[in-house]
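Sequence positions, counted from 1, serve as the residue numbers for this chain.
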Amino acid sequence: MTDALSELDFGDDGLVPVVAQDVDSEEVLMLAYANDEAVERTVETGRAHYYSRSRDELWEKGATSGHTQAVESVRMDCDGDALLYRVRQTGGACHTGYRSCFYRTVEGETVGEQVFDPDDVYE
């Protein structure tokens, strides 16, 4: 791990929150979590890796769906307890088929674009 990344605070659960942001539009695409191995793989490969809390496993974004994230840069916040992946998103970032996971307002209005049918991608 690089010098700056060795300063990351992974917290009591061994995870750090990661915001994925489109490098061109600056749209926030998703929030996920990463452990040290996921961050290392992301830096080494240039492809976004995360840690699934529900499945308790490492995963590469798009390995199943083909909706990948090519990571242009990884930024660390001032406290060293959160990361920002600046990415080039292929397809949708959200497993529900939307480009961004943040596709609806708290009032329930859909404001995002659905770019694929999840039934066609996931079994």
Side-chain angles (χ1 to χ4, degrees):
M1 201 173 286
T2 65
D3 288 338
L5 289 177
S6 67
E7 299 172 16
L8 270 175
D9 178 1
F10 286 94
D12 294 339
D13 60 1
L15 302 174
V16 62
V18 181
V19 173
Q21 179 186 43
D22 185 279
V23 71
D24 293 320
S25 69
E26 298 192 343
E27 178 181 23
V28 173
L29 300 172
M30 58 182 275
L31 170 73
Y33 293 86
N35 62 5
D36 59 347
E37 183 181 2
V39 175
E40 286 179 30
R41 286 199 188 173
T42 298
V43 171
E44 290 171 3
T45 66
R47 298 182 312 270
H49 288 76
Y50 300 100
Y51 190 83
S52 171
R53 297 179 301 168
S54 61
R55 294 187 314 264
D56 194 28
E57 66 183 16
L58 189 73
W59 59 283
E60 179 181 339
K61 178 67 175 152
T64 302
S65 67
H67 299 278
T68 60
Q69 292 177 343
V71 178
E72 295 287 319
S73 67
V74 177
R75 296 184 185 177
M76 187 168 66
D77 80 335
C78 58
D79 296 323
D81 61 1
L83 291 175
L84 174 68
Y85 288 177
R86 301 214 354 114
V87 304
R88 293 197 186 282
Q89 178 71 47
T90 299
C94 186
H95 72 281
T96 63
Y98 286 84
R99 173 148 172 81
S100 168
C101 292
F102 299 96
Y103 64 87
R104 57 190 172 169
T105 67
V106 294
E107 292 80 22
E109 179 185 359
T110 298
V111 294
E113 174 187 10
Q114 191 167 32
V115 295
F116 72 93
D117 183 345
D119 292 335
D120 293 339
V121 175
Y122 306 107
E123 295 181 27

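Clustering ILVMFWY residues whenever any of their side-chain heavy atoms sit less than 4.5 angstrom apart, transitively, puts V39 in a cluster other than the one holding L84. Linking ILVMFWY side-chain heavy atoms closer than 4.5 Å, directly or via other members, places F10 and L58 in two distinct hydrophobic clusters.
In this structure, R88 and D24 approach most closely via the heavy-atom pair NH1-OD2, 2.6 Å. Between A34 and V18, the closest heavy-atom pair is CB-CG2, 3.7 Å. Across all non-hydrogen atoms, the minimal contact from Y85 to A48 is CD1-CB, 4.0 Å. Nearest heavy atoms, V121 versus F116: CG2-CD1, 3.4 Å. Shown here for Q89 and H67, the closest heavy-atom pair between the two residues is NE2-O, 3.5 Å.
With a 4.5 Å cut-off on side-chain heavy atoms, C101 and L31 do not count as touching. When side chains are defined from C-beta on, L29 does not count as touching F102, because their heavy atoms never get closer than 4.5 Å.
Without hydrogens or angle criteria, D77 side chain to D81 main chain gives a donor-acceptor distance under 3.5 Å. Not one N or O on the side chain of Q21 forms a donor-acceptor pair closer than 3.5 Å with the backbone of R86. With hydrogens and angles disregarded, no donor-acceptor distance shorter than 3.5 Å links the side chain of S52 to the backbone of E57.
In this structure, a donor-acceptor pair under 3.5 Å is absent between the side chains of Y50 and N35.
The structure places CG of L83 at 11.0 Å from OG of S73, a figure rounded to the nearest 0.5 Å. Going from atom CD of E40 over to atom NE2 of H49 covers 11.5 Å, rounded to the nearest 0.5 Å. One distance of note links CG of D36 with CG of L8; it measures 9.5 Å at 0.5 Å rounding.
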Per-pair distances, 0.1 Å, donor-acceptor, side chain in residues 92-99, under 3.5 Å, sequence neighbours excluded:
from, atom 1, to, atom 2, distance (Å)
R99, NE, E27, OE1, 3.3
R99, NH2, D22, OD2, 2.5

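Between V87 and the options V71, V23, T68, V74, a side-chain contact (heavy atoms from CB on, under 4.5 Å) holds for only V71.
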